[in-house]
Every structure is written in structure tokens, then in C-alpha cells.
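Worksheet: one structure, shown below.
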There are 2 protein chains.
Amino acid sequence: MSTDVPAPLENDEHGSAKARAPRADAQRNLDTLLQTAAEVFASSGVDAPVREIAEKAGVGIGTLYRHFPNRAELVAAVFRREIDACANAAEPLAAAHPPFEALSLWIERYVGFVATKKGLAAALHSGDAAYESLPPHRNQRLIPALRGLLDTAASAGEIRSGVDAYDLLNAVGSLYMSVRDEPGAESARRMVALLIDGLRYGATGRPEA
Amino acid sequence: MSTDVPAPLENDEHGSAKARAPRADAQRNLDTLLQTAAEVFASSGVDAPVREIAEKAGVGIGTLYRHFPNRAELVAAVFRREIDACANAAEPLAAAHPPFEALSLWIERYVGFVATKKGLAAALHSGDAAYESLPPHRNQRLIPALRGLLDTAASAGEIRSGVDAYDLLNAVGSLYMSVRDEPGAESARRMVALLIDGLRYGATGRPEA
DNA sequence: CTATATACGGAACGCTGTTCCGTTTAGCAA
DNA sequence: TTGCTAAACGGAACAGCGTTCCGTATATAG
């Protein structure tokens with residue numbers, strides 16, 4: 001144990017901060033791990049063993065643990081990434097479809113995200129510190145995305161105005177959260193459809209004055 | 001592996017059914033296990049290791065597993081027992097206190113049961129077959145108990161009538177379910193108090209005609 | 001091309017739930 | 001009281017988990 005550090009020169013590339021450039025294979029492995037983990041979680045649930053993920057990603061467990069300090073962090077990273085992907089899907093949809101259709105398609109997309117996350121609710125309530133950042137992150141990314149779609153559709157007169165994005169997001173999420181069996185999923189699907197139809201009730205039918 | 005059974009005489013004590021009398025030590029160990037498990041679950045959560053329970057109960061793990069085929073069955077058995085204890089607490093309370101006070105004390109008792117069950121919600125959503133019988137059992141035992149207290153208090157004019165026992169039970173349960181930190185518990189406590197006060201609003205103030 | 005910080009792989013550890021089987025014992029009959 | 005036996009016990013052993021550790025391999029700067 002040396003008492004002094006070997007003069008780390010305290011800066012790097014463009015002379016500002018502290019981080020080195022990441023090695024190319026490391027970045028590639030990180031991407032592969034995130035993608036593989038997402039697939040495994042979707043098919044086997046978030047309780048899938050880390051060894052299975054490492055194996056399917058074609059890396060050793062040591063590699064997995066260098067990128068994520070523990071399995072909870074890996075799960076959280078996957079969720080964050082999927083939240084981002086879902087949020088980012090709003091803009092292209094808005095550009096390619098009429099307002100209500102874009103809104104409808106995005107909610108479908110969001111349902112697709114929530115429904116495949118078996119064990120998400122349990123994970124959130126587990127008290128693990130790694131999951132604490134997820135609800136804020138969800139709110140920060142998803143609510144503005146949904147609000148934009150709602151506003152656009154309302155301005156076009158295709159849905160009523162005054163619907164709160166946070167409420168709608170939570171409602172749809174709750175309907176699908178902790179759905180385990182097929183009849184439950186069918187019931188949830190019907191309820192979400194009802195919710196969306198409800199948005200159209202009381203719409204003006206024409207662009208706002 | 002013998003092909004024929006050794007003539008089990010097909011009946012027992014009072015000549016009716018099929019079960020033998022259980023050995024005394026077996027019964028004693030079963031009781032000890034249930035009680036110890038309840039204490040351990042209350043202090044460490046339902047994820048406590050089975051070895052810890054067996055050790056604190058002063059038995060081997062083999063003994064634990066003879067009485068319960070797996071840990072989920074043990075957890076379910078503890079919950080069933082506590083549900084029964086909670087239901088059975090209603091009658092003595094009704095006999096020893098005025099109607100509204102009895103109702104209030106029982107709800108406090110119920111809260112004490114729900115609040116200490118960290119991980120119960122997650123367990124119920126886990127999809128394990130051992131837990132499937134718990135919600136029906138809760139409904140069958142707790143709803144009549146609460147309904148009796150509500151009816152008595154309503155008849156005495158101490159609370160309004162027409163409050164559904166199932167609704168109230170679920171409301172109180174939801175408020176405390178998945179409460180992990182102290183501020184959450186305080187908030188839940190206040191909300192339950194509000195609920196109980198709400199029962200008194202619109203009461204006649206005198207026994208029904 | 002060489003040197004080295006960086007990243008990799010997987011054996012190994014400690015902790016789970018669960019199984020298995022040799023040993024002990026409660027309860028009955030003589 | 002003393003055997004006898006089915007019933008119950010105890011805990012070593014196994015498989016699978018998350019996580020740690022460290023010798024080995026390699027991407028990349030100079």
C-alpha cells in the first residue's frame with residue numbers, strides 16, 4: 001500500500017475534466033449487455049440469473065460486474081434505457097401520424113413497455129437504493145412526451161383538453177402493473193381502450209379557435 | 001416397494017375418517033415453528049432465511065420442511081394464522097367496549113397486522129400458488145368480523161350506516177400496504193384516522209328506532 | 001513495436017432453498 | 001417396565017444464486 005499516488009496528471013483529452021476515453025470493446029460489451037438483459041428480462045422476468053444474461057451476451061460474469069456493481073443496477077439501467085426509448089418514440093410518431101393516432105400509438109408503445117416488465121412493481125417496492133431513481137426518471141422523460149401528444153391532439157380538437165399527463169400515465173401503468181395472467185391482460189387492454197375513448201368524449205371535433 | 005398396503009384398518013379413533021392422531025412432539029414443533037416464524041417475519045420481513053427460523057425455533061431444517069413443503073407454504077400458514085387471530089379478536093372487543101370504540105380498536109388491530117407484513121404485497125403478486133388462498137381466506141374471515149362491528153356501531157347510532165366492510169378493509173389495507181419508511185407510516189396513520197372520523201359523520205347519535 | 005492501463009473470464013466464496021437418509025423417540029402392547 | 005415400530009427429528013449435502021478476486025489478454029498511446 002503506497003502512501004502517495006503516482007502523479008495522475010489530473011486531466012485528459014480536451015483539457016477540461018477527468019475521464020479517459022473508454023476502450024472500444026468495453027463500450028461494445030456494455031451495449032450488448034444492456035440489449036441482452038432487456039431481452040432476457042422480457043422473456044424470463046427481472047429475476048433472471050445474471051449468469052444467464054452474461055452467457056447469452058457472450059461475456060464472462062466478471063465483465064458484467066465491471067459494468068454494473070450489482071444486479072439491481074443492471075435492472076435499473078435497462079429500465080432507464082427503455083424509458084428513454086419510449087420517450088424518444090413520441091416525436092417520430094407525432095411527425096408521421098395525425099395527432100390522435102400518434103397519441104394512441106404511443107400509449108400502445110407505453111403499454112408494450114409496462115406489460116413486459118414482470119416483477120417491476122415488486123422491484124420498485126423492494127427498497128433497494130438502485131431503483132429509487134426510476135420513478136423520477138420516468139416522470140421526467142415520459143410525462144413531457146405524453147403531455148406534448150395530448151396537447152397537440154387537444155389543439156386539433158381530436159380529444160378533449162384538460163387531461164393531466166401524470167394521471168393518464170399512472171392510470172395506464174396501474175392497469176398493467178402486476179398483471180400476470182392472460183385474462184388480466186385482456187381486461188387491462190379493454191380498460192385502456194375505454195380510457196382512450198374517454199379522451200375523445202367531449203372533443204370539439206375541429207381545431208381550436 | 002410392496003404391492004399391497006399392510007392392512008391399515010381404514011379408520012381411526014371415533015371410526016369415521018382416515019387420519020391418525022399426530023404425535024405430541026410433532027404438534028408442539030409445528031406450533032413453535034409458526035410462532036417463531038411470525039416473530040421473525042415481523043422483525044426481518046418475509047424474506048428471512050428458513051434456517052434462521054428453524055434455529056430460533058430450536059429445531060432442524062429437516063423438521064421445518066416436514067411440516068411445510070416449502071418456504072412459501074410456511075409464510076402462507078403464518079399469514080392464515082394471523083388472519084384468524086385478527087378475526088377472532090373482534091368478538092372479545094365487541095363484548096368489552098362500546099360499539100364505536102370496539103370498531104376503532106379492531107381497526108387498530110388490523111393495521112397492526114398489515115403494517116408489520118413487509119413484503120406481503122410482493123409475495124401476493126409473486127404468482128406462487130401457495131399464496132393464492134390468502135385473499136379468499138382474508139375475505140372469508142375478516143369481512144364478516146368487520147361487518148359485525150360496523151353493524152353494531154351503526155345500530156347504536158354511533159356511526160353512519162351503509163358502509164361496506166369490503167371497501168373499508170381494502171382501503172385501510174391499501175393505505176398501509178407497501179409502506180416502507182416512517183413518514184409513509186405516519187401519513188397512512190393520519191389517513192386511517194380520517195377514514196374512521198368519516199364513519200361518524202352523519203351518524204344519528206342515538207340508537208335506531 | 002512495445003509498454004501498460006484497461007478490460008476480460010471464470011474459479012471460488014458465502015448464502016440461499018430443498019432433499020435425503022441415518023438416528024432418535026413417542027406411543028402402544030405385552 | 002420393557003420392547004417394538006412407525007413417526008418424527010437433525011443436519012450434512014446439493015444445486016443455484018449474487019458477488020468477489022485475480023491471473024490473463026488486449027486495445028491503444030507513444
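Note that the structure is a prediction, hence the values are computed from the model and not measured. Letters A, B, ... mirror the listed sequences (proteins, then strands); counts begin at 1. These numbers come from the heavy atoms of this one structure, side chains and all, not from hydrogens, waters or symmetry mates.
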Inset, instruction - Rounded to the nearest 0.5 Å, what's the gap from CG on B/D164 to CD1 on B/I143? Could you check? - result: 7.5 Å

Inset, instruction - For residues A/A38 and A/E82, report the shortest heavy-atom separation together with the two atoms involved. - result: CB-OE2, 3.4 Å

Legend entry - A/E52 CD: over 12 foreign heavy atoms closer than 6.0 Å: yes

Inset, instruction - Could you tell me whether A/D197 and A/R200 make a salt bridge, using a distance below 4.0 angstrom between a side-chain N and a carboxylate O? - result: yes

Inset, instruction - Among the candidates D/dG18, C/dG10, C/dG17, find the nucleotide nearest to the side-chain atoms of A/I61. - result: C/dG10

Legend entry - Rounded distance (Å) that lies between atom C1' of D/dG18 and atom CG of A/D47: 12 Å

Legend entry - Distance-minimising heavy-atom pair for A/L149 and A/A94: CD2-CB, 4.0 Å

Inset, instruction - Report yes if a side-chain nitrogen or oxygen of B/T63 is closer than 4.0 Å to either non-bridging phosphate oxygen (OP1 or OP2) of D/dG10; otherwise report no. - result: yes

Legend entry - A/Q27 vs B/R28, nearer the 5' end of DNA chain C by closest nucleotide: A/Q27

Inset, instruction - Answer yes or no: is there a donor N or O on one side and an acceptor on the other, between the side chain of A/T36 and the main chain of A/L33, under 3.5 Å? - result: no

Legend entry - Lys/Arg N to Asp/Glu carboxylate O, A/D128 vs A/R71, below 4.0 Å: no

Inset, instruction - Figure out the CG/P separation between A/L64 and C/dC8, and round it to whole Å. - result: 10 Å

Legend entry - Heavy-atom neighbours of A/Q140 CD exceed 12 at 6.0 Å: no

Legend entry - Among D/dG10, C/dG17, D/dT19, the one nearest B/V59 by side-chain distance: D/dG10

Legend entry - C/dC8 phosphate, OP1 or OP2, under 4.0 Å from A/N29 side-chain N/O: yes

Legend entry - Atom CD of A/E73: over 12 foreign heavy atoms under 6.0 Å: yes

Inset, instruction - Could you check which of D/dG10, C/dA7, C/dT16 has an atom nearest any side-chain atom of B/R66? - result: D/dG10

Inset, instruction - Kindly calculate the angle separating the two end axes of the helix from C/dC1-D/dG30 to C/dA30-D/dT1, each obtained from five base pairs, and round it to 10 degrees. - result: 10°

Tabulated below should be each protein N or O lying under 3.5 Å from an N or O of nucleotides 27-30 of chain C; please produce it.
| unit_1 | atom_1 | unit_2 | atom_2 | d |
| --- | --- | --- | --- | --- |
| C/dG27 | OP1 | B/A24 | N | 2.9 |

Legend entry - B/E39 atom CD: more than 12 heavy-atom contacts under 6.0 Å: yes

Legend entry - Base D/dG16 paired with A/R51 side chain (donor-acceptor, <3.5 Å): no

Legend entry - Positions of residues 67-78 of chain B (non-hydrogen atom under 4.0 Å from DNA chain D), listed by number: B/H67

Inset, instruction - Whole angstrom is fine here: how far is it from CD1 in A/I53 over to C1' in D/dG18? - result: 12 Å

Legend entry - Interatomic spacing from OH in A/Y201 to CG in A/L194 - rounded to 0.5 Å: 13.0 Å

